[in-house]
Every structure is written in structure tokens, then in C-alpha cells.
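Written below as C-alpha cells is the structure these notes are about.
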Amino acid sequence: MGNREALLAKIAQLDAEHAKALAGGGPKYVERHHRRGKLLARERVELLIDEDSPFLELSPLAAWGTDFPVGASVVTGIGRIEGVECVIVANDPTVRGGASNPYTLKKSLRANDIALQNRLPLVSLVESGGADLPTQSEIFIPGGRAFRDLTRLSAAGIPTITAVFGNATAGGAYVPGMSDYVIMIKERSKVFLGGPPLVKMATGEDSDDESLGGATMHGATSGLADFVAEDETDAIRLARRVVARLNWRKQGPEPHAAEEPLFDADSILDIVSEDQRVPFDPRDIIARLVDGSKFDEFKPLYGNSLVTGWARIHGYPVGILANARGVLFSEESQKATQFIQLANQSDTPLVFLQNTTGYMVGAQYEQGGIVKHGSMMINAVSNSRVPHLTITMGASYGAGNYGMCGRAYDPRFLFTWPNAKSAVMGPAQLAGVLSIVGRQAAMAKGQEYNEEHDAAMRKMVEAQIEEQSLAPFLSGKLYDDGVIDPRDTRTVLALCLSAVHSGPIKGADGFGVFRM
Amino acid sequence: MTTVIKTLLIANRGEIARRIIRTCQANGIRTVAVFSDPDTAAPHVREADFAVNLPGAAPAETYLRADLLVEAAVKAGADAVHPGYGFLSENADFARKVQAAGLTWVGPEPDSIEAMGSKVAAKKRMAAAGVPTLPELDPETVTEFPVLIKASAGGGGRGMRIVREHEEFADALASARREAESAFGDPTVFCEPLLEHARHVEVQILADAHGTVWALGERECSIQRRHQKIVEESPSPAVTDDVRKRLFAAATAAAESIGYVGAGTVEFMLKGEDFHFLEVNTRLQVEHPVTELVYGVDLVDWQLRIAEGARLPREAPEPRGHAIEVRLYAEDPDHDWRPASGTLHRFHVPGDVRLDSGVEDGSVVSVHYDPMLAKVIAYAPTRAGAARKLATALENARIHGLVTNRALLVDILQNDAFLNGDTHTGFLAEHDFTRTVDPQPFALAAALAQAAGRRIGNLPLGWRNVRSQQPKAKFLFGDSEIEVEYDPKQATSGVITLDLDGVRTPFHVATYGDLVEVDSPRGSVSLRVVPRFPEPETKLAPGATVAPMPGTVVRVSVGQGDRVEAGAELLVLEAMKMEHRVLATSAGTVTELLVEQSQQVNVGDVLAVVEES
């Protein structure tokens, strides 16, 4: 198989996994939902956003590889409403009634973080049966953050808008309660702390859904609903009108009608090595990502296992750091540190294109101060204040993942290519290390080392590490914001850059102490 | 007597006013336009050197006011008046008033106009001059059917009746008389045997005051809707050299018998080799351009020169080639020729054709006047060549904002019977020109053009990393809603090129508010954008009338099942000591009546439902 076929096969697998998220609760529940005159979560989102505008869906593979359905019964993403980029969160009521499981929570909290970090208004399309009770222990306590996030967004001046399409009861009632604007739908929305049975048990009072939490009641009596919609479409119309009247000002520019790259994005498929041990030149990728394929490389002759330089993507200036030959040496670390400082001086967002096997090991390098230099780079990445966007193009192993702004370093967005792998080290190396350690332990005890056992152990460990380092697994754990078709990278970066420009872009004033 | 016209008042509007201005400009004659209030911004007003307002809108208040027109001419310093066609062009009193004011009348002498004004009298006079006429039947004793009843003072089909059975005759006669009385103030009617499958053929006459009379060829104008010509041509495909000779002789005799001076037209019905006199039109005809193209003359110029006393050369010029004219109307042939009014956003007719138009981009077509937008005339060495050129020019035309008869005209020009010259006054009734257009590709082009206008920077349109559904767009095509799925990747600004069954076809999309006009070599389609979010109040049953305020029903003016016109009173509410009439918003049938007298109603209550019909 060639590079192209290998990557196309991975993209096809990705599409199949996305299809699972799209299927929601399956045909039976989708059909029942439609029969009730209700729209699916993604239909609501499509109607909410501007026609023919882009929508960047986030974490579509959440809960992949777990007991919960792919997608985690919620849709999140960034879309434009009346020209305003917003974070949109929509429950998928066809999946177990839209009940929240631990991954639903993680995914929603990630969406809240994106809204806060990038200063994007948050629009919630709520229809949820509450917590998935068997997993309540993993939801109840951390889940409180969902409500805290809403009010903190509001405190930060970021508008929160909630349209209630069905139930938002018990804890769920605090979602509208904590929102700046609330839309409810006649005879559909139900918002109360306790339903009729609970009220009966608590106080002996006889009541019904409508008087406890119907839209008309909330619109006319409690005042919790600011707008009462006729139906779902009307609720979406009202949500759009609310956003239109926010008087929202994006702090940076909109994407420009910039020059396209000179090379077709499709040819990325030929460049990316099928065999991860074969490095590819990131300049070939950069030439397919940036405006006019124009890239001003910084320090091209120094530390050339890492490519650094300046470019624009749909008009937005960026600094790019890209691994060229996997390994990071002292020179590369120092070069990266300087480059990150320069970007912070000029308030320029940074793009990390990861394809790294980590920092170099060996006596020569340890003696040359690789720990010091690697630490400098990680210090710079950690304390940099310009927005970081990370794309895992291939390998992301060891501390290279940290130095190249992996998830723990809070890039504003992190997307993964379907061929990517990430782990503390490669599966074979990890199994080999375990084998050596085991052999040494046996020798120390003077025992015979069981070679048959060792082979089986290596095989098992290799398989397990391999599986856990694959893109869908990592995405399922919310270690990225989604797995993307590599050919879409330029568009994804442009949408992320546009989103980060919703808020201010300002470099760091200082860094931690650099060990020299 | 020789006079020199220096400033001409044109007592008309629209395309004919512009047509006359063109000739005047070519000859250094200053022009004075007149205009009613709705015509304030009309092109003829701008193109004339001077313009005088005729206050009001209705023709009776404006273009039919002889006194105001003469006053305008005097005030503006005109020394001559051209009446165009229609309005007062065949009004002898007006001609006399113009002359009495010391101005030159560009037209025949008032006596000639008068002589030809009464059809009954004109026919007698022509018969006496040896012009073939149909026998006149005495309405009291008619026995042979079918017959045609016509108003003597009439025109435009009013007071006209076709009677096929004896039993129908008395009623038809009475109603024709009533209509003639109300339309022309003269109930006189006469009867002729009805000629079926006959052609309308007319001869253009040009006569000077010195005895020279030219017969400038014939025009065939058989294709008519409601007795209104819509396709005219010269020469007629049915006229042989022999018939032509006899037609010209008859027309010349007709003109000479009344001492006719100027441009005029003698109309005949032609069946086989036989023809019969119909009437004389003592003015420039709408369809005069076909004669101009075939004979290479400017008839308006000759009208002016003859009015100045000039002599015609002894020999008339020779005809060459073939010319066809169509009248482009703002009317809907598929809905009983319903005239359309409103803004004509775009009007452009390309190609090697003559365009005599009264409108331009942005013109507002009012309800007050004839809805003819323009005449388009093609000239070619052969009839087939002219028809083809004209059809293609019409197809390529951009006519946005109003329904027109364009598609019908194209269909006629491409019809085999037409191309074979097999035309007669029943042509439109005989052939079915109902057109079925598949609006789907047009809607797809419209959707793609709309999408192209929504691009942000140059981000891909409608981009999704996880696509759950294909984008769709909805449009209204006539009364039916159509939905198209589209791939925004295909959206381009400018021309949308679609692959239709392997054939690359361009579609040009223009948008005016919610109106989308799509033109292609496959035809043109008008669409309306269906709003993505219908206003919640429009979710009422269509035709439902709701109470505009709380009140008491004091009167119910209609009953269930009644047919009502738009604006008809349905009921009356009393609120705050005031009566409020609740009117039908559209014409239709009252299918539900939900209130009765003295009933109290609340704002928003449905009172009645009128189903549109």
C-alpha cells in the first residue's frame, strides 16, 4: 500500500466512526423523535447557524472505546449565528433521552472552556433527561462545574443563551437559571427542580408538569423564560434574534479572502508516510496550509530537526513549529524557545505541527544538557500566552508531546490526523523496556528468565499500547478536539484562528526561569 | 404650403413617444414630452427636450385631455403635435383643436379621421370606391350563421360578439349594444358574416398632399389574443404577387377616395385569395417598424415631412427581406392574460434586433396604462431567419420582476405551423402553448448563487468536519414550493454552470429582495425565496382573518360559501365606540364563518376563513 491508499483507508475508518455519532440513538429513536415533530440535535444546529456557513464540530468521537455511545449524546461545535461565532452545545435526546454520562460532561465542559478562553458566546440547545444514574458518582460532583461555568462566562461578559427543547429538570433547571437569555417552547419545555411525584413526596402537594415548569408559566408567571416560542423552529429563530441583538464585537479580524496555497490539499495524502519511522518534510505540509504557500523560515540552518517560521492562514499571521525528523535535540529546543518568545513579543498565534518521537537520549546528549534545554522549551510553551493551535500529524511520543504543546499544555485547540499516535513511547520500545527491566529483575534474584513468557508479554503490551495510542482512542478520551481529514487542516486552522480572534491576542510578559 | 417643424409636442407616452423622439433627435427637431404623475420618471420624459406634467394618473385625466395637451404645446413653444397611436390619435376634435391653436397636426385631416371613425359609414364609402367589403347583414333579419357583431364606433374587441346559433343572437345583440354604449357612447352595431380561419392583413399607406399615394407593402397580424395583435410581420407569407397587386390597388383606392394625407393603414380580412375591407386606421400603427425595416424608410420622418408639405417621390421604394415584430407584454398568458404591474428590475434584450421599448431597468409598470413593455423586431433576408433571430433574442433577454408573455412569443416563433406560414386569427386557440418548465435546475442554480454570496473570506462554503445533512434551499415557483439539495462546493459567483445530463448549461441568477430570476438558454424562471423562519403569525390557516382588536361583532356582511373579492367587507367590529371594517385580504370563498352578530371577540381570534381560488 502506498502513502495515499494507507491514509485514505484511515480516513474511511474515521468516517465510519463519525457515522456512529451521527446515527445518535439509532433509526428507531430518530424516527420516534421526528414523529413527535421534533428536530434532531444536528438539525437544530444546522437551522441555528447561518446558511452555508462553516461549522466546526468538536469532540465528535467522545466516548469512543467506552461503554457509552460514540459522541456522548451531545453535539458541540463552533458555528456562526447572525455572523457571530458562538460555541453551540446541543443535547442529543435520541441517545438514552439525552442523559449525561461522564463523557457528556467532559465534552460539555470542554466546550465551556473553549467559550471562555476564546470569548465566544455560548448557545445551549437543551433537552436532557438529566444524569445517567448508574454513573452518577462520576457526574454529580464534577458536574457542578457546568453551572459554575455558565455564570462565570456571564461574569466575563460572554453571553449565554439557552433554548429549552424538552426537559431541563432538577439540576438541569440551573442551565436556564444560569443563562443570560432563556427561550422556552409552548407545551414542550419543562423546567422545574422537582416534578409532580417528587413534589407529592416532599410536600404532599398535587401538581402537574405545566404548572410546575411549562413554558407559558415561566414566560408569564415565574419570569424564567424571556421568550416563549411557538415551536422548535420558532425557538431557533428567537435564539438567532437574541444573538443578532447582542451587539457582539469580535476583537480581531474576520478571515480574509486570502491567496490559496499553490499546491492542492489533496496531495497531502502522498506526503504523509505510511510508516511512521520514515520522516516527511513538514515544509511540504506547510506549503499546503498557508496563504500563497509563503513561509519565511526562521533559523533554517540551526537545529534543523525542527522547522520554525512565519506565515499566514486565511489572512491570520501565525508562527509555525513543525518537527522535521522526529527527534528534538538541544539546538532544536533552544531554537523553539527563542521562536516562542518572539511570537509572544509580536502577539502572534502559534501553530504546532507534531511529529515527534521525543527528546534525544544517550550519554552525549545528557552531558550536553538535553534535560536543561528540553525544559527551556517546555517552560516557553507553558508560559507563552499567545493562542496555541496543535495538529498531531504523526507521532507524538514522550516529552516531545509536552514540548510541542500537547493536551496538558492547554492549546486553544488540538486536532489529530487519523494516522497519528501518541504515547509515552512507541509500543515496541515500551515492551522492550519492560522486557529488559524484567530480565534484570530476574537476574538480580538469580532466577531463570522465561523467554516464552517474555515474548507473550511483549506481544500483549505492544498490542495494548498500540491500541491506546491511536487517534480514535485518544479522541474518545477527549485528549484532542477531534480527528480530522488531513486535507481539511487549513480550513480547521482558519476556523480556530478566527475563533481565537474573537478575544484579545496578547503575548506573555514573562516566563519561568530558564536554565542556561 | 411649406412649414418647418422646429419643436414637436408628442401627445403620448411609452415606447411610441420614445420612437418619435428618436426621429426628431436625428433631424434636429426639439421635443416636448407630456407625462402623467406615475410617468414622472419614465424614459420618454427624460429623453425629450422639455416635459409638461399632466396632473393625475388615469388616461381620462391626463393623456386624453385635449385641452391640457394643446395648452402644454403652446406653453412649451411647440409648433406641431404628434399624437402617436391610441389615446387621441384618431380623435378628430383633438386634431381640430391643435390646428385651431395654430399648430401643425401630424396626421390626416380631421375630416378624414372622422370619415373613417364610424365603421358603418367607412364601409359604405369603401364599397362605393370599389374596395371589396363583406356584405352587411341587417341585425333584424340575419339568418346565416356564424356572424360577427361589431360596434360601429368600436375597436379593441369591445362590443364585438361571435354568434354561431340563431337562438343566441338576440341576447348577443343586446349585450353588444350595451357594451358599445358604455365603451364608446354609441350603441350602433352592425353584423357581418364571420370569416373563420382568415388572416388579418393590412396595407401601409403613405400619401402626400400633392396626390402621390404609396402602398408600402402589407403586414400580416393574424396572431392575436383577445383581438389584440401580438405578432406582426411583413410581407405576409400568404400573399401572392397577384393578391398583393389587388390589395395595394384596393388600399390606394381607399386612401384616394377620402383624399387621405399622411400615414395610414387599410385593414383587410384575407381568406384564400379573397379579401374584404375591415377599417382604416388614420394614424401610425403599433406594428409600423416591420414596414420600416423591409422598405428602409422612417415612417415618422415621412409623417413629419408630409405635415411640412413635402412631396413623396413618384415611386415607392422596393421591399427587401422579411421583418417580424412581437409585442412583449407584462401579462400572464397562463392566467387569462392577467396584466402584471410593479417594478421591472432588469430589462435587456440583446442581439441584432430592433428594440422599441417604453421601459428600462427599474421602470415601474403601473396599472393605469397598457401593459406593453416593448416591441422587438427582427429583420433577415428570409422569414425563417427573422423568426429564429427574434426567438433567440427573446430567449436571451433579461426581463426581471414582472411576468411577461415572452415564453409564449418564443413558442409561437418556433412553432412549425407558424414557420410554415399557416397563421390565422384563431391561431392561439388552435395551438396549445401551455409550457411546462422543470424548475428544478433553475432552483438549484438559484440555491448555488445564493450560497456563493454567503462566503466568508474564502473559507469553503458550508464546510463540515462531520456532515449530517446536505444543504437544502426552498423556493416558491408559482404557487408550488420546491426544495433542492445542493453541494455548496459547486457554488460560484457569476454564472452557475450545471451539468444537465452531460450537457453543460449556464444559468444566470439575479436576486432582487426575495425574488430570484434565473435565465438560461433553456428558458427563464422566476422564483421566490421561502423564508427559513416563517413568521409565527403566518402559521394561521391561509386566508384566516383575525380580529385586529377586541370588540363586538356588529354586523356580519357575508355568509358561508360566499365568493368575495379582495377588499370585500367580511364583517364589522365595534370597539372603543368606533366601527372597524374587517376586509378580505384576498379573493376567494368564505369557507368558515366563526362569529355571529353581537359576539364579543378578542384580539387574534379567527373570525372567518377565506379560501383563495
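Per chain, numbering begins at 1; letters A, B, ... match sequence-line order. Nothing here was measured: the structure is a model prediction, and the numbers come from that model. Computed over heavy atoms, backbone and side chain alike; hydrogens, waters and symmetry mates excluded.
Looking at B/R532, its side chain does come within 3.5 Å of a backbone N or O of A/L47 through a donor-acceptor pair.
When each of A/L495, A/I484, A/D485 is checked for heavy-atom pairs under 4.5 Å with chain B, A/L495 comes out on top. Top candidate by heavy-atom pairs under 4.5 Å with chain B, chosen from A/G315, A/A494, A/A257, is A/A257. Between chain B and the options A/T233, A/D488, A/D50, heavy-atom pairs under 4.5 Å are most frequent for A/D488. Looking only at heavy-atom pairs under 4.5 Å with chain B, the residue among A/R490, A/R80, A/E254 that has the most is A/R80.
Heavy-atom distances place both the backbone and the side chain of A/E57 under 4.5 Å from chain B. With a 4.5 Å cut-off on non-hydrogen atoms, A/L56 touches chain B through its backbone and its side chain both. Interface remark: A/L14 contributes no atoms to any contact with chain B (heavy atom separation under 4.5 Å). For chain B, no part of A/L40 is nearby; none of its heavy atoms comes within less than 4.5 Å. Residue A/D15 does not touch chain B at all, counting heavy-atom pairs closer than 4.5 Å. Looking at A/H314, the atoms closer than 4.5 Å to chain B (heavy atoms on both sides) all sit in the side chain, from C-beta outward.
Around the OH atom of A/Y29, the shell of radius 6.0 Å holds no more than 12 heavy atoms that belong to other residues, nucleotides or ligands. Within a 6.0 Å sphere centred on NZ of B/K474, other residues, nucleotides and ligands contribute 12 heavy atoms or fewer. Remark: B/K489 NZ is loosely packed, at most 12 non-hydrogen atoms of other residues, nucleotides or ligands lying under 6.0 Å away.
Shown here are the side chain to side chain contact (heavy atoms under 4.5 Å, CB included) partners of A/K20, two or more places apart in sequence or in another chain: A/E17, A/V70.
Within residues 514-521 of chain B, no residue approaches chain A closer than 4.5 Å by heavy atoms. Applying a 4.5 Å heavy-atom cutoff, the residues of residues 439-451 of chain B that approach chain A are B/A451. Residues of residues 457-470 of chain B lying under 4.5 angstrom from chain A, judged on non-hydrogen atoms, are B/G457, B/N458, B/L459, B/P460, B/L461, B/G462, B/W463, B/R464, B/N465, B/V466, B/R467, B/S468, B/Q469 in numerical order.
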